[in-house]
Structures are given as C-alpha cells and as structure tokens.
Q: 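I am attaching a structure below and will ask some questions about it afterwards.
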Amino acid sequence: MQLTEKHKQYWRRNQALTAGLLTIWFVATFVVSWFARELNEIIIIGPVGFYMGAQGALIIYVLIIWFYARRMNQLDKTYGVAEEED
Amino acid sequence: MAGPAHNSVFFGQLKRYYSFYTGGFIAFVVLVGALEMLGVPNKILGYIFLFATILLYAGIGFMSKTADVSEYYVAGRRVPALFNGMATGADWMSAASFIGMAGTLYLSGYDGLAFIMGWTGGYVLVALLLAPYLRKFGQFTIPDFLGARYGGNIPRLIGVLAAILCSFTYVIAQIYGVGLITSRFTGLEFTIGVFVGLAGILVCSFLGGMKAVTWTQVAQYIILIVAYMIPVVWLSVIHTGNPIPQIAAYTSVLPKVSALEQEFNTPDSPKGAAEESVRAIFRARAADAEANLQGLEAGGEDFLIAEKQKLQDRILTLRLADPDDYRTIEAAEKELKDYPATPGAASKLWAATRTSASAKAGHVKPHAEAFAADGKDAAEQEENRTKAKKNFLALIFCLMVGTAALPHILIRFYTTPSVQEARRSVFWSLFFIFLLYVTAPALAILVKFEVYNNLVGSSFASLPAWVSNWAAVDKTLMAITDINRDGLVQLAEITIGGDLIVLATPEIAGLPYVISGLVAAGGLAAALSTADGLLLTIANALSHDVYYKMIDPSAPTSRRLVASKALLLLAAMLAAYVTSLKPGNILFLVGAAFSLAGSAFFPALVLGIFWKRANQLGAVLGMLAGLAVCATYMVMTYPFFGINAPLWWDISPISAGLFGIPAGFIGVVIGTLISPAPSQKIQDFVDHVRYPNLVHPAMAKAHRDEDD
C-alpha cells in the first residue's frame with residue numbers, strides 16, 4: 001500500500017493537532033494543580049485553584065474533545081481520507 | 001450494511017423512543033409519589049423502585065435479543081454518536097461516582113478533586129489517542145487489536161489476562177454497590193440483594209450481548225442523571241434561590257462555608273469556643289490512648305489487668321459519689337464491657353482511638369484549601385504538603401491513563417457507524433459524564449453549608465429529621481454525640497460517612513420519600529450499567545479471543561455465542577461469590593483496577609498506533625513489565641497484603657500506575673529496538689488504522705466475514 005504525499009501531510013497535521021491539544025490538557029491538569037495553593041489566593045467565581053479542579057479543567061476537557069472531533073472530521077474531508085458513509 | 005438514509009431514520013426512531021421513555025419514567029415517579037401521598041409505606045415504595053427498574057432493564061434486554069455475532073459483540077455498529085455517548089456515560093459512571101464521589105469531596109475538600117479531574121480528563125486521551133483508531137480497526141475486543149497489530153497469540157493472550165484482571169477487580173466494586181443499595185432501600189439481606197441485582201444484569205446481557213447492554217445503558221443513563229440532578233437543584237434553590245447549583249455553590253455558598261470554617265477555627269468566637277471545648281476532650285482521649293499504649297508496651301498483660309481493675313474501682317466510686325449521674329456511670333460501664341481481653345486487641349483498639357481522637361481534636365480543614373497538611377513545625381508541614389501534592393498529581397495521572405485503557409470503555413467505540421461518529425461520540429460521552437461530575441463538587445459544598453450552618457449549633461433535643469433518621473439506620477453514615485454536654489451540636493461531635501451525602505440529599509432538601517427512592521434507583525442504575533459492561537468484556541475476551549481466535553477458529557456462530565453466554569454466567573457467579581465475602585476497601589479496588597489497566601494496556605495500545613516500528617517482543621515486554629511493576633508495588637505496599645515495604649517517593653499504593661505505566665513504555669521501546677522491525681503487512685495495518693478511508697486487504701476480508 002503506497003501512501004501519497006497528501007496522506008503524509010494529513011498524518012503530520014493530525015500529530016501536530018494532537019500534540020497541541022495534549023499540551024493544553026497537560027497544563028490545565030498538572031501545571032494548574034501544582035500551583036493550586038498559589039492560585040487559591042486569587043478569587044474569580046471562587047478560589048481559582050479550587051475552581052479549576054472542580055469545574056474549569058472539566059470544561060477545558062470537553063472543549064478539547066469537541067474541537068478535535070470537529071477539526072479532524074474537517075481534515076478528513078480536506079485531504080480526501082474521509083470514509084465513504086456506508 | 002445500512003445506508004446513510006437508513007441510519008438517519010434509525011436515529012430519529014431512537015430519539016422518539018427515548019423521549020417517550022423519559023416521559024414515561026417521569027410519569028412513573030409521579031405515580032409512586034401519589035402512592036406515597038396515599039400512605040403507602042416507604043419500604044413498599046423502595047421495592048416498587050427496585051423491581052420496576054430491574055424489570056425495565058430486563059425488558060429492554062429481552063426486546064434486544066439477538067443471535068447475530070456483530071450485534072452480540074458490537075451492537076451491529078450502528079449506535080449513533082449521541083446515544084453511544086449516553087451508553088458510555090452509564091458504562092463509565094459507577095456506584096463510586098454516583099454515591100461515593102460527592103461524599104469524598106465533602107470529606108476531603110480539594111484533595112478529592114483528583115477523582116473529578118482524573119475520571120474526566122482521561123477522555124482526552126481516549127479521544128485523541130485511541131477511539132478513532134480503534135474504530136477504524138473495527139473488530140470486537142481490545143485483545144483483538146493487540147493480536148492483529150503485534151501478530152501471534154502471545155500479545156493477545158496477555159491482553160486477555162490483563163482485561164480479565166482489571167475488569168474483574170472493578171466488577172467486584174460494582175456488585176458490592178448493588179448489594180449495598182438494594183439492602184439499604186428494601187431491607188433485603190446484602191447477599192440476596194447482590195443476587196437480585198445480578199439477575200437483572202444477566203437477563204439483559206445474556207439475551208442480547210452488547211446490543212442489549214447498549215440500549216439498557218442509555219435507559220440507565222437517563223434515570224441516573226435525573227435522579228442525581230433533582231435533589232441537588234432543589235437544595236440549591238432552597239439555599240440560594242438559584243436553580244443552577246454549579247454556579248450558586250461557588251458564588252454564594254462557598255464564601256459562607258469558608259467564613260464558618262474560619263469561625264470554628266477561632267477560639268475567641270462563640271462557635272470557636274464551643275468547638276474548642278469538644279476538641280479539648282478529644283485531645284485528652286488521644287493522650288489517654290497514648291498513655292495506655294505506652295503502659296501496655298512496658299507492662300504487657302499485667303498492665304491490662306491493672307487498668308481493668310482501676311476501671312471497676314472507678315465505677316464503684318462513681319456510684320457512691322452520685323448515683324443519679326447515670327450518664328457517667330453508664331459510659332464507664334460500657335467502657336468496662338468493651339474492655340479489650342488480650343494485649344493484641346488492646347493495642348489495636350487504643351491505636352484506633354488515638355488516630356480517630358487526634359483527627360477530631362484538630363482544626364477544621366478549609367474546604368477549598370489544596371494539600372492541607374499538619375506538622376510539628378513549619379518544615380514538617382511543608383514536607384507533608386509536598387507529599388500530598390505529589391500523591392494528588394500521581395492519582396490524577398493513574399486515573400486518567402487507566403480511563404484510557406479500561407477495555408469495557410474502549411470497546412464502546414467499536415459500536416459507532418464510522419470513525420467520524422467515533423470522534424463525535426467521545427465528545428458526547430464526556431459531555432454526559434461532565435453533567436454529573438460538575439455537579440458533585442457543588443453538591444458537596446451545599447451539604448457542607450447545610451451541616452455547618454443549620455446542624456451545628458442546633459439543639460440535641462430537636463435535631464433535624466434527616467439527622468436522627470440516618471443516625472438510627474446506620475452509625476457508620478451518621479453518628480452524633482453530645483461530647484461536651486452543652487446540649488448543642490458542635491462540628492467535632494458529628495461523624496459523617498461519605499455515602500450519606502448523596503443518599504440523604506433528598507431529605508436534607510425536604511423532598512418526599514419518592515425522591516429518595518429515585519436516588520436509590522439512580523445509584524442502582526449506575527452500578528448495574530457498569531457491571532453489565534464489565535461482565536460482557538470478561539465473557540467476550542474469553543469466548544472471542546480465547547475460544548474462537550485461539551482454540552477453534554472454525555467454530556460456528558451459534559457455538560461462539562453459546563460459549564460467550566455460558567462464560568458470562570460463570571463470570572457473574574464468580575464475581576457475586578467474591579463480593580459476598582466483602583473484600584477490602586472499595587475505593588482501593590477501583591483505584592487498583594485503573595492502575596493495572598493503565599500499566600498493562602496504555603503503552604502497547606498507543607505505541608501500536610503512533611509508532612510503526614513497535615513490534616511483538618516490545619508489546620509483550622511492555623505489557624508484562626507494566627503489569628509486574630504495578631502489581632508488585634501494590635502487593636509490597638498495600639497494608640492488606642501485610643508486607644508494608646517502604647514507599648517509593650512517598651507514592652501510596654493506589655497510584656502504583658505511576659511506576660507501572662512508564663515501565664510499560666520502557667518495556668515496549670526496549671523490546672522493539674532489540675528485535676527486527678515488524679513485517680510490511682503489519683506496517684500496512686498501522687496505515688489502515690491511521691487513515692479513515694484506507695482499506696487493508698486482510699481487514700477488508702474480516703469486514704466481509706462479519707457482514708455475512
């Protein structure tokens with residue numbers, strides 16, 4: 001099975017998107033939690049460290065997955081690798 | 001296969017069915033509410049909820065009965081993204097999520113958020129690294145993927161063993177939850193409760209496999225989310241006038257809770273002084289226990305006998321001094337009655353007293369404070385804080401990676417019609433899970449406010465009804481004693497068990513009993529739906545991977561299904577038997593399942609997709625290394641096993657995956673690099689998985705077989 005240049009480009013875009021979104025995921029989870037005590041000093045809606053763990057991070061996760069599904073489904077079409085709806 | 005037009009008609013039908021279903025369910029709840037008004041006793045209402053819902057699930061199972069392999073294993077791959085999302089939500093949210101989570105948050109504040117983040121953030125890994133690719137692969141089980149990707153039966157076999165190990169550990173926790181709920185709300189004995197619940201699970205998965213489980217899980221999701229939301233919204237309206245608890249809890253309730261915590265911790269304030277008087281008593285008890293322990297160590301059995309004599313003498317003196325002070329005398333007599341008989345029992349009892357009393361003697365831990373820790377001095381406190389922080393992050397990591405490796409969740413993404421639907425479906429899954437997970441921390445705050453503001457300071461003569469009800473039912477959930485005998489409730493005098501929070505919310509909010517029944521039905525739905533998915537995963541790993549793929553590849557369809565059903569029955573019976581022995585700590589079982597799954601599967605699955613070079617030896621080494629490191633660490637450090645080896649880097653045994661997962665990755669990399677690259681056929685297979693429209697000749701054949 002020979003892959004075309006277009007295939008390789010599609011896979012690179014996919015990898016870049018995945019890496020970018022995983023970075024956001026990592027920051028929202030581990031970096032924010034690491035500084036939770038410091039962030040708790042700031043109050044927006046609630047103490048920020050606590051609020052991020054209870055709600056903020058979760059909203060970010062939902063948005064990451066929503067964006068990934070949307071973007072990848074577009075990329076499939078752009079690069080002509082979308083499954084035929086069967 | 002069904003065409004797109006047919007799919008959209010199917011989607012429309014589903015939406016209509018489930019709208020009717022939801023309406024019907026609400027009507028049913030209203031009807032039971034009417035029965036309550038007519039004076040039907042609570043116990044009967046509990047039975048009605050229990051049997052009506054189990055009957056409903058069995059009914060859906062019966063309607064979905066099938067003899068088709070593809071329908072039995074993957075629901076015919078025609079579950080639309082939205083409905084697969086609901087099914088995944090129910091599959092995912094277990095008794096621990098539904099009943100336990102808000103309680104954990106109530107008891108541990110910020111530190112409990114590891115579960116909230118861990119059990120949602122894992123879906124990012126599922127969405128980005130696994131679900132679309134597994135869907136493109138499009139077979140039946142997770143060991144299937146390992147077998148096809150790495151070739152040969154060894155990776156498949158290790159996959160089967162790991163899948164059974166973690167699913168079985170997890171299913172015990174679920175069946176335990178089923179037993180707990182049925183016994184609490186109907187008064188049936190725990191063991192009978194387990195088997196009644198199990199019957200409901202079996203009818204469903206037995207007749208229709210994945211197809212039946214899917215449509216039941218959608219129904220169960222609807223029940224559990226309605227049951228969770230109603231009491232919380234109502235409680236929020238009562239306390240804040242705002243029907244959106246997820247906002248009101250932070251903007252208006254949390255500041256009040258923080259202010260009360262501050263007051264409890266300030267000995268100059270009236271509330272603080274009252275708390276301080278209780279704490280002083282607990283401090284004295286802790287000191288007593290400590291002195292006893294030291295005396296026991298020095299004097300052994302003689303000390304025990306001498307102390308018992310002293311106690312008897314004291315009772316005599318008390319009687320002579322003031323025979324009317326019956327409370328003191330009774331307390332001393334009770335102490336004598338429970339007096340430990342052997343030095344071993346004594347040391348156990350006193351050590352437990354010391355721990356519980358010193359916990360009660362401490363300050364109230366602020367709810368929002370992250371990594372709260374005590375210590376003799378600032379340096380030790382800082383050290384303990386760092387330990388707490390490390391463990392918090394390690395637990396999140398293990399729960400997330402474990403989420404992205406639990407086979408019963410991953411196979412749900414085999415059931416969507418296409419790769420694009422699989423991607424959308426992960427979004428819907430997390431969205432439906434999010435609804436409950438974002439509510440749990442809000443519920444914890446609302447109940448905390450209720451306890452701090454209304455219960456604390458109220459008089460023992462007129463306790464709120466929910467407090468006296470639950471204290472009468474179960475002392476482990478609610479115990480309240482007037483320690484300092486001022487007739488008023490102080491926070492340090494209340495002991496609350498985590499599971500109480502969700503179970504008692506309807507009563508706290510002043511809702512009728514029918515809502516309590518609804519909550520029980522919701523908890524049952526959460527536990528049953530997860531158990532369903534897990535048992536099916538175990539049975540399919542055995543029947544499909546071991547029997548069909550490894551023992552008898554020419555087995556006819558009918559025999560494969562019979563094998564699967566027989567194994568399902570066997571697995572269920574075994575799980576119920578193990579559960580009835582009431583093993584260990586549920587939270588640890590759940591955590592263990594996640595660490596084990598993450599260590600065994602995640603490296604081999606992800607590298608199998610993203611690293612073409614990964615080969616059979618790598619996968620075998622990686623899975624074995626991950627499992628071995630994870631399991632060894634747990635056995636060495638978890639107190640249950642009695643070895644109690646020193647911790648690595650202060651990480652507690654529940655987060656053993658922190659070492660197992662990297663070990664898995666290292667194993668795959670080393671094993672791969674010391675052996676030749678995989679064949680062209682396998683490399684083509686990786687491309688097949690990566691590009692939604694590429695067709696791999698061997699896979700195409702497999703798909704044709706499935707359609708036949």
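Because the structure is a prediction, the values reported are computed rather than measured. Sequence lines set the chain letters: A, B, ... in the order given, protein chains first and strands last, and positions in each chain run from 1.
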Q: CH2 of A/W34: more than 12 outside heavy atoms within 6.0 angstrom?
A: no
Q: For salt bridge (charged side-chain N to carboxylate O under 4.0 Å, His left out), just list the numbers for B/K136 and A/E83, CA-CA rounded to whole Å, side-chain angles, deciding distance to a tenth of an Å, and then say yes or no.
A: CA-CA 9 Å; B/K136 180 62 200 306; A/E83 277 171 303; over 6 Å; no
Q: Heavy-atom cut-off 4.5 Å, strictly under: side chain, backbone, both or neither for A/Y10 against chain B?
A: side chain
Q: Using every non-hydrogen atom in the two residues, find where B/L393 and A/S33 come nearest and quote the distance to one decimal.
A: CD2-CB, 3.5 Å
Q: So which part of A/A54 gets closer than 4.5 Å to some heavy atom of chain B, the side chain, the backbone, both or neither?
A: both
Q: Could you go through residues 110-132 of chain B and list every donor-acceptor pair under 3.5 Å that involves a side-chain atom there, pairing it with any protein atom two or more places apart or in another chain?
A:
{"from": "B/D111", "atom 1": "OD1", "to": "B/F371", "atom 2": "N", "distance (Å)": "3.1"}
{"from": "B/T120", "atom 1": "OG1", "to": "B/I116", "atom 2": "O", "distance (Å)": "2.9"}
{"from": "B/T120", "atom 1": "OG1", "to": "B/M117", "atom 2": "O", "distance (Å)": "3.2"}

Q: Quick check on the interface: out of B/Y133, B/W428, B/F610, B/Y437, who has the most heavy-atom pairs with chain A under 4.5 Å?
A: B/Y133
Q: Nearest 0.5 Å, please: how far is CG in B/L254 from CD1 in A/I45?
A: 12.0 Å
Q: With rounding to the nearest 0.5 Å, note down the distance linking CZ in A/F50 to NE2 in B/H367.
A: 3.5 Å
Q: Looking at B/Y250, is its backbone amide N or carbonyl O close enough to the side chain of A/Y51 to form a donor-acceptor pair, meaning the two atoms are under 3.5 Å apart?
A: no
Q: With a 3.5 Å distance limit and no angle check, can you tell me whether A/D76 reaches the backbone of B/Q420 through a side-chain donor-acceptor pair?
A: no
Q: Between A/T29, A/I64, A/L63, A/L39, who has the most heavy-atom pairs with chain B when the cutoff is under 4.5 Å?
A: A/T29
Q: Looking only at heavy atoms, which two atoms of B/P692 and A/V81 are closest? And how far apart?
A: CB-O, 3.4 Å
Q: Under 4.5 Å between any side-chain heavy atoms of B/F431 and A/I65, yes or no?
A: no
Q: Is B/E369 close to chain A through its backbone or its side chain, or both, or neither, when contacts mean heavy atoms under 4.5 Å?
A: both
Q: More than 12 heavy atoms of other residues, nucleotides or ligands under 6.0 Å from CD of B/Q262: yes or no?
A: no
Q: Non-hydrogen atoms of chain B under 4.5 Å away: do they reach the side chain of A/N40, the backbone, both or neither?
A: side chain
Q: Once rounded to the nearest 0.5 Å, what's the spacing between atom OG of B/S258 and atom CD1 of A/I43?
A: 7.5 Å
Q: With a 4.5 angstrom heavy-atom cut-off, which part of A/L22 approaches chain B: side chain, backbone, both or neither?
A: both
Q: Measure the shortest side-chain to side-chain distance between A/R37 and B/R385 over non-hydrogen atoms and say whether it is less than 4.5 angstrom.
A: yes
Q: When rounded to the nearest 0.5 angstrom, what is the spacing between CH2 in A/W11 and CZ in B/R690?
A: 4.5 Å
Q: What I'd like to find out is whether the side chain of A/I59 reaches to under 4.5 Å of the side chain of B/V438, using heavy atoms alone.
A: no
Q: Please classify the contact between A/W25 and chain B as side chain, backbone, both or neither, with a heavy-atom cut-off of under 4.5 Å.
A: side chain
Q: Roughly how far, to the nearest 0.5 Å, is CG of A/L58 from CD1 of B/I433?
A: 10.0 Å
Q: Quick one, B/M400 with A/Y61, criterion side-chain contact (heavy atoms from CB on, under 4.5 Å). Give me CA distance, side-chain angles, the key distance, then yes/no.
A: CA-CA 12 Å; B/M400 283 189 175; A/Y61 301 149; 3.2 Å; yes
Q: What part of B/F392 gets closer than 4.5 Å to chain A, counting heavy atoms only: side chain, backbone, both or neither?
A: side chain
Q: Nearest 0.5 angstrom please: A/F26 CZ to B/F397 CZ, how far?
A: 9.5 Å
Q: Check this for me: does any side-chain nitrogen of one of B/D687 and A/K8 sit under 4.0 Å from a carboxylate oxygen of the other?
A: no
Q: Contact part of B/P441 toward chain A, heavy-atom cut-off under 4.5 Å: side chain, backbone, both or neither?
A: side chain
Q: Under a 3.5 Å distance rule, please check whether A/Q55 uses its side chain to pair with a backbone N or O of B/Q246 as donor and acceptor.
A: yes
